[in-house]
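Report on the structure given below.
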Protein chains: 2
Amino acid sequence: MLLQPSSKRTTCGTADEVSGLRMTRQRQEVYRVLLAQRDHPTANDVFMRVKDGLPNISLATVYNCLEALVAHNLVRQVNFEREPSRYCPNLEEHGHFHDQGTGVIHDVKFKPGITLADVLELPRGAVIQDVEINLRGQLRLA
Amino acid sequence: MLLQPSSKRTTCGTADEVSGLRMTRQRQEVYRVLLAQRDHPTANDVFMRVKDGLPNISLATVYNCLEALVAHNLVRQVNFEREPSRYCPNLEEHGHFHDQGTGVIHDVKFKPGITLADVLELPRGAVIQDVEINLRGQLRLA
DNA sequence: CCCGATAGCAAGAATTATTCTAAATTCATG
DNA sequence: CATGAATTTAGAATAATTCTTGCTATCGGG
Ligand SMILES: [Mn+2]
Ligand SMILES: [Mn+2]
Ligand SMILES: [Zn+2]
Ligand SMILES: [Zn+2]
């Protein structure tokens, strides 16, 4: 899962053929930044962080990289209401809890052994490709 | 719950004080259109439908009316990814299933007796104010 | 009924996250 | 090294939504 710059390998046929994604310096740095601080940053947040290592990167490239990482399932895009999209490198199935008090978005695990069909009356024959569970609330310490 | 034009009543102290929303012709028509065809229309869809009855209504007013109805919990706003918001007059707690084949968005009921805490490992002390469950997939007939 | 105050509406401009365009650069491959 | 494909960049364009402003409707008290 640790991806290397593609310059070191052939495009098709080695480790990252799994994802089929060419790992450029920009994509690598965007991905590294997402792993380093898992606070669900926006594209602009990522842009600012990535500029430390790649001062010439453009915002359009950050969007391109994020889109590529999402398309190849290395990163998930998280949308709350109509706010700017956020990005999450946690690949386990999980939901998100937005704490209105602090603004922090927490990952929320599913309880083990629970499946969607246990909880929802899905339409007959529905094949689910994507699940999005977003919660808003407050963290009230007892 | 059936709201009347406010001209027939005082602003504070009668039936729609429950919601505190003054029912203008525009809000009434927007709400009526949502109840009449429960296909989760966008603001622009609502605009086009409402123009039959109110040819001079503006899109900004449709947005204002939808915002007012949502703020007073008569209508829910439904967001899939970054697509235009859709609007749903079903006030029961429910999720949404977007059928990629037809583009139709279906309401999805929760199974009776299930609560979020049964399914998710919520952060300690989390008080949930809003739940959003959005599914994407295909309706494959067996 | 009349009046001043408040709320809502309409038209168009502004906002802003995101996407697109086009030219330059980088890269894989032979 | 040459070639073509993929990627990056800067800036323009897009589009859903929000904002501004002037007007209209409605409210509630006298
Ligand atoms: Mn941010
Ligand atoms: Mn539509
Ligand atoms: Zn996450
Ligand atoms: Zn619905």
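The analysis underlying the following values was restricted to heavy atoms, covering all of them including side chains, and did not include hydrogens, waters or symmetry mates. Letters go in sequence order (proteins before strands), and every chain restarts at 1.
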Anything under 3.5 Å between a donor and an acceptor, one on a side chain of residues 135-142 of chain A, the other on a protein residue two or more places apart or in another chain? List them.
unit_1	atom_1	unit_2	atom_2	d
A/Arg136	NH1	A/Gln100	OE1	2.4

Exercise for review: Show your working on side chain to side chain contact (heavy atoms under 4.5 Å, CB included) between B/Glu67 and B/Gln77 and close with a plain yes or no.
Suggested key: CA-CA 9 Å; B/Glu67 181 183 43; B/Gln77 188 172 7; over 6 Å; no

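- Pairs of residues two or more places apart, or lying in two chains, that qualify as salt bridge (Lys or Arg N to Asp or Glu O under 4.0 Å) and include a residue from residues 48-64 of chain A are A/Asp39-A/Arg49.
- Between A/Leu54 atom CG and A/Thr61 atom OG1 the span is 10.0 Å, to the nearest 0.5 Å.
- OP1 or OP2 of D/dT7 has at least one side-chain nitrogen or oxygen of A/Arg27 nearer than 4.0 Å.
- Distance CZ (A/Arg25) to C1' (C/dT26): 9 Å, rounded to an integer number of Å.
- Neither OP1 nor OP2 of C/dA7 sits under 4.0 Å from any side-chain N or O of B/Thr24.
- In this entry the distance linking CG of A/Leu66 with P of D/dT9 reads 13 Å, nearest Å.
- What separates CD of B/Glu67 from P of C/dA7 is a distance of 15 Å, to the nearest Å.
- In this structure, A/Ile57 is a member of the same hydrophobic cluster as A/Val33, with clusters built from ILVMFWY side-chain heavy atoms closer than 4.5 Å.
- In this structure, the CD atom of B/Gln28 is 16 Å from the C1' atom of C/dC9, given to the nearest Å.
- Distance CD (A/Gln26) to P (D/dA10): 11 Å, rounded to an integer number of Å.
- Residues that satisfy the salt bridge (charged side-chain N to carboxylate O under 4.0 Å, His left out) test with B/Arg32, not counting sequence neighbours, are B/Glu29.
- When rounded to the nearest whole Å, the span between CE of A/Met23 and P of C/dC27 equals 14 Å.
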Identify every side-chain donor-acceptor pair in residues 103-114 of chain A under 3.5 Å, counting partners at least two apart or on other chains, and give the distances.
unit_1	atom_1	unit_2	atom_2	d
A/Asp107	OD1	A/His40	NE2	2.9
A/Asp107	OD1	A/His94	NE2	3.1
A/Asp107	OD1	A/His96	NE2	3.1
A/Asp107	OD2	A/Asn90	ND2	2.9
A/Lys111	NZ	B/Ala117	O	2.8

Write down the protein N/O and nucleotide N/O pairs, taken from nucleotides 11-15 of chain C, whose separation is under 3.5 Å; answer none if there are no such pairs.
none

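- Taking B/Pro89 as the reference, B/Leu34, B/Leu35, B/Arg38 meet the side-chain contact (heavy atoms from CB on, under 4.5 Å) condition, with sequence neighbours excluded.
- Between A/Leu21 atom CG and A/Tyr31 atom OH the span is 10.5 Å, to the nearest 0.5 Å.
- Each end of the helix from C/dC1-D/dG30 to C/dG30-D/dC1 yields a helix axis from five base pairs, and these two axes differ in direction by 40° (to the nearest 10 degrees).
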For nucleotides 16-18 of chain C, tabulate all protein N/O to nucleotide N/O atom pairs closer than 3.5 Å, reporting atom names and distance.
unit_1	atom_1	unit_2	atom_2	d
C/dT18	OP1	A/Ser85	N	2.8
C/dT18	OP1	A/Ser85	OG	3.2
C/dT18	OP1	B/Arg82	NE	3.3
C/dT18	OP2	A/Tyr63	OH	2.5
C/dT18	O5'	A/Tyr63	OH	3.4

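- Using a 4.5 Å cut-off on side-chain heavy atoms (C-beta onward), A/Val30 and A/Arg27 make no contact.
- Of all the heavy atoms in B/Asn134 and B/Asn79, the pair that sits closest is ND2-O, 2.7 Å.
- Legend: residues meeting ring pair (Phe, Tyr, Trp, His ring centres under 6.0 Å) with B/Phe80, ordered by chain and number and at least two apart, are B/His98.
- In this structure B/Asp99 satisfies the side-chain hydrogen bond (donor to acceptor under 3.5 Å, both in side chains) test together with B/Thr102, sequence neighbours excluded.
- Each of B/Val62 and A/Asn64 was assigned the nucleotide of DNA chain C with the nearest heavy atom; the assignment lying further toward the 5' end belongs to B/Val62.
- One atom, CD of A/Glu29, and another, C1' of D/dT9, lie 17 Å apart when rounded to the nearest Å.
- Within the structure, no pair that satisfies the side chain to side chain donor-acceptor pair (under 3.5 Å) test touches residues 115-130 of chain B, not counting sequence neighbours.
- Of the residues in residues 46-54 of chain B, none has a non-hydrogen atom less than 4.0 angstrom from any atom of DNA chain C.
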